[in-house]
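Quick notes on the structure that follows.
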Amino acid sequence: MTQEKWGLLCQKLLKTVGQNNFTTWIEPLEFQALEDGVAIFTVPTNFMGNYVSQNFSDLILYELNNAGEAVQRLAFRVAANSPMRPARAARPAALPAAAPEVPVQRVSEPSEALDGLQAAPLDPRFTFDSFVVGKPNELAHAAARRVSEGGPVTFNPLVLYGGVGLGKTHLMHAIAWELKVKRPELNVLYLSAEQFMYRFVQALRERRMMDFKHLFRSVDVLMVDDVQFIAGKDSTQEEFFHTFNALVDQNKQIIISADRAPGEIKDLEDRVKSRLQCGLVVDLHPTDYELRLGILQTKVQMYRSTYPDLVIADGVLEFLAHRISTNVRVLEGALTRLFAFASLVGREIDMELTQDCLADVLRASERKITVEEIQRKVSDYYNIRLSDIIGPKRLRSYARPRQVAMYLCKQLTSRSLPEIGRRFGGRDHTTVMHGVKRIEELKLTDGQIAEDVEMLRRALEA
């Protein structure tokens, strides 16, 4: 069988398996020879050969025999000195031409890097150009920009943490896209912690741990999203720890995101926490009003091309920025729904339409203050570290702010006293009761405490 004939067969396989499967599993195969009824292919890794054998061999055999080739089985051999990224053959449209004996190496896009590991796809909307910068996220944005330049590693790892919908994943994707442009020769692997765990378990089950280690430790930039999901998974944490060390020793960049600071992730091993805290740890704070309004204005400009005739009344964006304050994804989704609804009914986007269309969103987005937000706000107000609010120190300079935070948690959240105690370093509910009672007493006798509590309450309810 000739290379030209294999190219024609690839076009048929593309139509059958789809673009994603073809790009990931079929395109990296290189046809070598047909000997005694065995079609021999070279593959970049053992893992890829096994996967293709298990999932696509019957289909490939069918197409080969349908094309007049007498093939009984397929054989896969790892190419000598194979790079860790699969060498990319020409696209199917160009395959009928005779393929060169040594394929030209094509740099993988970030979303395609290490396809054998099923890297998570990158969202084309999540770039630095579409990221709205404000005071709550300016440090995280600056750090992400620095890492995306792909120069010498200055802080490793970079850890981005914050609540849901604050832009962690957006920045992770933006870094990968920027590296694609500025340093296309780098192996960039972006995946979730869940995917890392799944690949680890699969490698254990298939007894392919050497392939797993070799592939993961050959990347230039490793990006793991939502690392809190490996907490409590002892074996996964151990492998992540060794992978982390191996990449740092090679001066390779690691970028991590989590929903809270590494030291606050429950059931995360101390050695993993220590490694994550040895680099730059950056907090994405909850959005403020100005940042939410800026995000809405940016989205409106993007929608203008799709809805050029829609009119937005004054005050609508300001109303949304004030009312939907906890989650940027919900905020953007509300604006998308508003534009779609207004275009369907042919009306101006005014306050009446906004309240009718988004009634359920507005109800669900009533201000819900969290214990973590109160702790962060109180620590900032008194200029002490968050760890001191939660920690065991009993100095008055820490104990009084801690009691203020406990009091505000009791007043502004629906959490029970035992739950509040657990959030303050595992304290007993009686400690919380004492703290709440003490602040209630001091509010009557100490004007400064009363003023502090009122200022913090207003800031949290804003």
Side-chain angles (χ1 to χ4, degrees), residues 123-138 140-141 162-174 225-226 257 259 284-374 376-377 408 411-415 457-462:
D123 192 324
R125 299 171 300 166
F126 291 167
T127 64
F128 283 118
D129 291 338
S130 63
F131 188 82
V132 180
V133 184
K135 189 173 181 180
N137 60 25
E138 61 183 353
H141 175 264
V164 176
L166 297 184
K168 304 184 299 296
T169 298
H170 190 141
L171 285 177
M172 296 277 280
H173 285 227
D225 209 356
D226 291 321
S257 81
D259 64 353
L284 281 87
H285 296 285
T287 56
D288 56 20
Y289 170 80
E290 290 78 10
L291 179 55
R292 292 193 296 272
L293 183 58
I295 291 170
L296 288 172
Q297 291 169 340
T298 300
K299 290 295 178 183
V300 167
Q301 293 303 316
M302 292 172 58
Y303 288 143
R304 283 298 181 196
S305 58
T306 308
Y307 307 100
D309 300 325
L310 283 185
V311 178
I312 304 178
D314 292 340
V316 170
L317 296 185
E318 290 80 359
F319 171 76
L320 291 176
H322 177 73
R323 288 293 301 275
I324 306 176
S325 58
T326 57
N327 192 319
V328 173
R329 291 194 187 102
V330 175
L331 185 66
E332 293 178 347
L335 188 65
T336 300
R337 187 203 294 192
L338 198 55
F339 267 84
F341 184 77
S343 68
L344 290 171
V345 299
R347 288 174 54 187
E348 174 186 348
I349 301 177
D350 55 16
M351 289 300 296
E352 181 183 359
L353 178 71
T354 299
Q355 291 176 329
D356 288 344
C357 176
L358 301 177
D360 59 328
V361 177
L362 295 173
R363 279 196 304 271
S365 297
E366 290 293 335
R367 189 78 170 97
K368 293 182 178 66
I369 301 171
T370 65
V371 172
E372 290 78 9
E373 186 179 356
I374 292 172
R376 189 180 297 114
K377 187 72 71 175
L408 290 169
Q411 298 297 318
L412 301 179
T413 76
S414 59
R415 299 292 182 183
R457 185 188 64 79
R458 289 182 181 179
L460 287 162
E461 292 181 340

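In what follows, residues are counted from 1 in the order of the sequence shown.
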Min side-chain heavy-atom separation Ile349-Phe341 under 4.5 Å: no
Starting at NZ of Lys377, measure out to NE2 of His285 and round the result to the nearest 0.5 Å. 9.5 Å
Distance-minimising heavy-atom pair for Gly167 and Leu284: C-CD2, 3.9 Å
If every non-hydrogen atom of Leu317 is compared with every non-hydrogen atom of Leu296, which pair is closest and at what distance? O-CD1, 3.4 Å
Could you work out, with side-chain hydrogen bond (donor to acceptor under 3.5 Å, both in side chains) as the rule, every residue matching Thr354, not counting sequence neighbours? none
Does the side chain of Glu290 reach to within under 4.5 Å of the side chain of Lys135, using non-hydrogen atoms? no
Does any part of the side chain of Val132, heavy atoms only, come nearer than 4.5 Å to the side chain of Gln297, both counted from C-beta? no
Is it true that a side-chain atom of Ser257 and a backbone atom of Asp226 form a donor plus acceptor pair closer than 3.5 Å? yes
Arg329 to Thr169 - nearest heavy-atom pair and separation: NH2-OG1, 4.2 Å
Could you grab the distance from atom CD1 of Ile374 to atom CD of Gln411, nearest 0.5 Å is fine? 10.0 Å
Taken to the nearest 0.5 Å, the spacing of Lys299 NZ from Thr336 OG1 works out to 7.0 Å
Do the charged groups of Arg347 and Asp356 touch, with an N to O distance under 4.0 Å? no
Answer whether the closest heavy-atom distance between the side chains of Val361 and Arg337 falls below 4.5 Å. yes
Would you compute the distance between atom OG1 of Thr287 and atom CD1 of Ile324 and round it to the nearest 0.5 angstrom? 11.0 Å
Assess the residue pair Val300 and Leu335 against the criterion (side chain to side chain contact (heavy atoms under 4.5 Å, CB included)); give the C-alpha distance rounded to whole Å, side-chain angles, the decisive distance to 0.1 Å, and a yes or no. CA-CA 8 Å; Val300 167; Leu335 188 65; 4.0 Å; yes
Could you check whether the rings of Phe131 and His170 sit parallel, tilted or perpendicular, using 30° and 60° as the cut-offs? perpendicular
With a 4.5 Å limit on heavy-atom distance, are the side chains of Leu310 and Tyr303 in contact? no
Begin with the C-alpha distance, continue with both residues' side-chain angles, and end with the deciding distance and a verdict on side chain to side chain contact (heavy atoms under 4.5 Å, CB included) for Leu171 and Asn137. CA-CA 10 Å; Leu171 285 177; Asn137 60 25; 5.9 Å; no
Would you name the heavy atoms of His173 and Asp123 that are closest together and state the gap between them? ND1-N, 2.9 Å
Glu332 side, atom CD; Arg125 side, atom CZ - distance, nearest 0.5 Å: 7.5 Å
Heavy atoms from other residues, nucleotides or ligands near CZ of Arg415 exceed 12 (cutoff 6.0 Å): no
All side-chain hydrogen bond (donor to acceptor under 3.5 Å, both in side chains) counterparts of Thr413, not counting sequence neighbours: none
Do Phe128 and His141 touch side chain to side chain, with heavy atoms closer than 4.5 Å? yes
Do Tyr307 and Ile312 come within less than 4.5 Å of each other through their side chains, counting heavy atoms only? no
Considering all heavy atoms of both residues, which atom of Ala313 and which atom of Glu348 are nearest to each other, and what is their separation? CB-OE2, 3.3 Å
Atom CG of Leu293 and atom CG of Leu320: how far apart are they, to the nearest 0.5 Å? 10.0 Å
